[in-house]
**Student:** 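Have a look at the structure that comes next, please.
Lettering of chains follows the sequences in order, A, B, ..., and the numbering in each one begins at 1. The basis for the numbers below is simple: all heavy atoms, side chains too, and nothing from hydrogens, waters or symmetry mates.
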Amino acid sequence: MYAFIQFYNSSVGKKLLVGLTGLLLISYLVIHLFGNLLIFRNDAGRAFDEYAEILPQVVVIRVIEVGLFLIFLFHIITAAYTWLVNKQAAGKQYKVWKKGQTSKLSSRTMLLSGSIVFIFLVIHMQQFWYTSRYEAGEHFSMYEVVRATLSEPVYGIFYLIAMFLLGFHLRHGFQSAFQTFGLRDKKFTPIIELVGAIFWLLIPLAFASMPFYFLLNF
Amino acid sequence: MNFILKIWRQKDRNSKGKFEEYKAIDISPDMSFLEMLDAINRDLAKQDAEVIAFDHDCREGICGSCGLFINGRAHGPQHGVTTCELRMRHFKDGGTIVVEPWRAKAFPVIKDLVVDRRAFERIIQAGGYISVDTGAAPEASSIPISKANAEEAMDAAACIGCGACVAVCKNSSAMLFMSAKISQLALLPQGHPERKIRVHRMVEQMDKDGFGHCSNTYACEMDCPKKISVTHIARMNREFIRAKIF
Ligand code: FES
């Protein structure tokens, strides 16, 4: 335990943990996405409804849910703590500071993009996870809930913005994690960038296709 | 060439500073930035006014003493040069130039443009060395080192400790500076016996001195006058993982 506290207290240790938890979280995105794509089946949502019904009955899923929740908390708290330490260490009173010339916007706004994605997640959980778990009565159709929610313009657009920010967050976060693990060198950087593009570009796009689909009323 | 300069003036560590405006008239485009400041100081001295304090020594980009935040960039707009190597031809004639000291909690301003960079020395003292008995110089080729490693160690050793990385980092992190030393010694066999304790102690010292945590914005690499690459930070992280976990 003492060793862990020492590790956690060191600047490099904290970063490693933020990167590691971040990667665990996005690996869940892949699973989540594959399930969700059932929405696009041309069967009036039957396959998706069946999938949504089975999910809570699988023990592994329950365990993963708890794990994800804890990992989330850890990721957020550690990242926020790091941000606070950095705020104190910075002491930047520059009159002129051309940040844009030396670093990417995405790398400087991780707390902001992360916070908005977090707010999105809380709402998202309430709307879908909570509803399916605790408010599902007879003849409950998850597909209907999803359709009704996402075709509502305010929420649909919020969903799109959140996916954009998720991509923005991962644009920096993915490669940053590998830099922190010490794997970003001449040989691996192109591979990391390539796989990274799946996470910051393709996956958010695929998620965004759902509100698009319902907003445009297919 | 003529310039208007807005320069940070601060009497000492404890007083509040402010910007003062100066005119630099008839400046040769071949002058270095420090020579331009010398010209202003000469005028100030003639008027019996307090000259502008700034750090400098070698004036050829090897000592790391000089370092000014010029128009929003560490060491000014040119990539890969120190302030003393920066020539006035890179600035717009008649333009305004804002000159500020490095800004970081760990680098308090002592006077005008001079900051206290001793925190860097403390990091090196914590582990940036190899302990050897200094006897007679051994036969050079008795320890074989691959060309690639020697080159990379040399690149890392090019760090002059000027502090530009800290100055430009939004978190005021000293990772690029520290990683250059750790990487250099990790690449050479002489550095191996102490590699674990080195990274452990240096990171601890960096944190203690109030530098921030690196968040991989890579701004340090952009403004490093010696073009030290952030791949050294990656190697340092590897050293840290190796020391803590394996
Ligand atoms: S004065 Fe020595 S590096 Fe500039």
Side-chain angles (χ1 to χ4, degrees), chain A residues 3-4 6-20 78-79 81-111 114 172-189 192, chain B residues 6 8 17 19 69-74 77 96-101 103-109 166-175 199-200 203-204 206-207 209-223 229-231 233-242 244-245:
Chain A
F4 178 76
Q6 216 189 14
F7 185 81
Y8 190 87
N9 272 334
S10 94
S11 55
V12 186
K14 258 199 272 335
K15 273 157 47 79
L16 279 164
L17 293 168
V18 172
L20 193 69
T78 310
Y81 179 32
T82 305
W83 180 84
L84 257 176
V85 172
N86 285 345
K87 198 95 195 118
Q88 278 168 5
K92 302 282 184 222
Q93 308 95 322
Y94 291 126
K95 185 183 166 83
V96 184
W97 189 9
K98 296 191 177 132
K99 289 187 210 170
Q101 292 181 359
T102 50
S103 62
K104 287 205 181 85
L105 184 66
S106 57
S107 74
R108 286 180 271 122
T109 49
M110 290 300 275
L111 189 85
H172 176 71
F174 189 83
Q175 55 80 31
S176 176
F178 286 94
Q179 165 78 359
T180 302
F181 302 152
L183 294 171
R184 223 170 139 274
D185 58 12
K186 279 194 201 83
K187 203 165 60 208
F188 286 123
T189 302
I192 294 168
Chain B
K6 291 203 166 94
W8 182 259
F19 283 95
F69 211 74
I70 304 163
N71 277 352
R73 295 285 297 271
T96 304
I97 306 172
V98 180
V99 191
E100 303 173 68
R103 291 294 192 183
K105 272 277 162 58
F107 286 170
V109 176
V166 176
V168 74
C169 173
K170 84 176 184 46
N171 311 317
S172 294
S173 172
M175 287 282 269
V199 66
H200 171 81
V203 170
E204 197 176 63
M206 177 184 77
D207 294 347
D209 266 314
F211 292 100
H213 298 9
C214 171
S215 62
N216 301 331
T217 69
Y218 310 138
C220 49
E221 182 182 87
M222 295 298 288
D223 271 358
S229 160
V230 292
T231 52
I233 298 184
R235 179 172 295 105
M236 198 226 87
N237 290 334
R238 237 159 33 229
E239 290 292 311
F240 183 87
I241 297 169
R242 180 205 287 263
K244 291 282 176 186
I245 299 171

**Student:** Can a donor-acceptor pair be found, under 3.5 Å and without considering hydrogens, that links the side chain of A:Asn86 to the backbone of B:Gly212?
**Tutor:**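 No: the side chain of A:Asn86 does not pair with the backbone of B:Gly212.
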**Student:** Could you go through the side-chain contact (heavy atoms from CB on, under 4.5 Å) check for A:Met110 and B:Ser215 one step at a time?
**Tutor:** CA-CA 9 Å; A:Met110 290 300 275; B:Ser215 62; over 6 Å; no
**Student:** Decide yes or no for B:Arg103 and A:Trp97: does some side-chain heavy atom of the first lie under 4.5 Å from some side-chain heavy atom of the second?
**Tutor:**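 B:Arg103 does not reach A:Trp97 side chain to side chain.
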**Student:** How long is the gap from NZ on A:Lys87 to CG on B:Asn171, to the nearest 0.5 Å?
**Tutor:**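 If I round to the nearest 0.5 Å, the distance is 10.0 Å.
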**Student:** For B:Cys214, is there any backbone N or O sitting under 3.5 Å from a side-chain donor or acceptor partner on A:Lys15?
**Tutor:**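 Indeed, once roles are kept as given, a pair shorter than 3.5 Å links the two residues.
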**Student:** What I'd like to find out is whether the side chain of A:Val96 reaches to under 4.5 Å of the side chain of B:Glu100, using heavy atoms alone.
**Tutor:**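 Answer yes - side chains close enough.
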**Student:** Let me know if B:Ile233 has heavy atoms under 4.5 Å from chain A in its side chain, its backbone, both or neither.
**Tutor:**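 Both the backbone and the side chain of B:Ile233 come within 4.5 Å of chain A.
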**Student:** May I ask you to test the B:Asn237-A:Leu16 pair for a side-chain heavy-atom distance under 4.5 Å?
**Tutor:**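 No. Closest side-chain heavy atoms not under 4.5 Å.
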**Student:** Got a second to check how far B:Arg235's CZ is from A:Leu183's CG, nearest 0.5 Å?
**Tutor:**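 If we round to the nearest 0.5 Å, B:Arg235:CZ and A:Leu183:CG are 12.5 Å apart.
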**Student:** With a 4.5 angstrom heavy-atom cut-off, is it the side chain or the backbone of A:Lys95 that approaches chain B, or both, or neither?
**Tutor:**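 Contact with chain B is through both the backbone and side chain of A:Lys95.
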**Student:** Please flag which part of B:Val230 lies under 4.5 Å from any non-hydrogen atom of chain A: side chain, backbone, both or neither.
**Tutor:**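 Both backbone and side chain.
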**Student:** Less than 4.5 Å to any heavy atom of chain B: does that hold for the side chain of A:Val12, its backbone, both, or neither?
**Tutor:**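 It is both, since atoms from each part get that close.
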**Student:** Name the region of B:Ala167, side chain, backbone, both or neither, that has any atom closer than 4.5 Å to a heavy atom of chain A.
**Tutor:**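 Both backbone and side chain of B:Ala167 come within 4.5 Å of chain A.
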**Student:** Hey, is the main chain of A:Ala90 close enough, under 3.5 Å, to the side chain of B:Lys170 for a donor-acceptor pair?
**Tutor:**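 Here the side-chain-to-backbone pair does not exist.
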**Student:** If you tally heavy-atom pairs under 4.5 Å against chain A, which of B:His213, B:Arg73, B:Glu239 wins?
**Tutor:**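 Looking at each of B:His213, B:Arg73, B:Glu239 in turn, B:His213 comes out on top.
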**Student:** Is any side-chain heavy atom of B:Lys244 less than 4.5 Å from a side-chain heavy atom of A:Gln6?
**Tutor:**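 B:Lys244 vs A:Gln6: side chains touch.
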**Student:** Does any backbone or side-chain atom of A:Tyr94 lie under 4.5 Å from a heavy atom of chain B? Answer side chain, backbone, both or neither.
**Tutor:**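 Backbone plus side chain of A:Tyr94, per the 4.5 Å heavy-atom cut-off to chain B.
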**Student:** Please determine, among A:Lys14, A:Gln93, A:Lys92, A:Lys186, the option with the most heavy-atom pairs under 4.5 Å with chain B.
**Tutor:**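 Of the options given, most contacts go to A:Lys92.
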**Student:** Once you round to the nearest 0.5 Å, how far does OG of A:Ser10 lie from CZ of B:Phe240?
**Tutor:**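 So the OG of A:Ser10 and the CZ of B:Phe240 are separated by 3.0 Å.
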**Student:** Could you check which of A:Lys99, A:Gln175, A:Arg184 has the highest count of heavy-atom pairs closer than 4.5 Å to chain B?
**Tutor:**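 With the most close heavy-atom pairs to chain B, the winner is A:Arg184.
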**Student:** By a 4.5 Å heavy-atom criterion (distance strictly below it), what part of B:Phe107 contacts chain A: side chain, backbone, both, or neither?
**Tutor:**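 Looking at B:Phe107, nothing touches chain A.
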**Student:** Only heavy atoms, only distances under 4.5 angstrom. Which residues in residues 101-108 of chain A are near chain B?
**Tutor:**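 Contacts with chain B: A:Gln101, A:Thr102, A:Ser103, A:Ser107, A:Arg108.
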**Student:** Using the rule side-chain contact (heavy atoms from CB on, under 4.5 Å), only one of B:Val168, B:Asn71, B:Asp223 pairs with A:Lys98; which is it?
**Tutor:**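 Per the side-chain contact (heavy atoms from CB on, under 4.5 Å) rule, the option paired with A:Lys98 is B:Asn71, out of B:Val168, B:Asn71, B:Asp223.
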**Student:** For B:Pro77, which atoms come within 4.5 Å of any heavy atom of chain A: side chain, backbone, both, or neither?
**Tutor:**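 Neither part.
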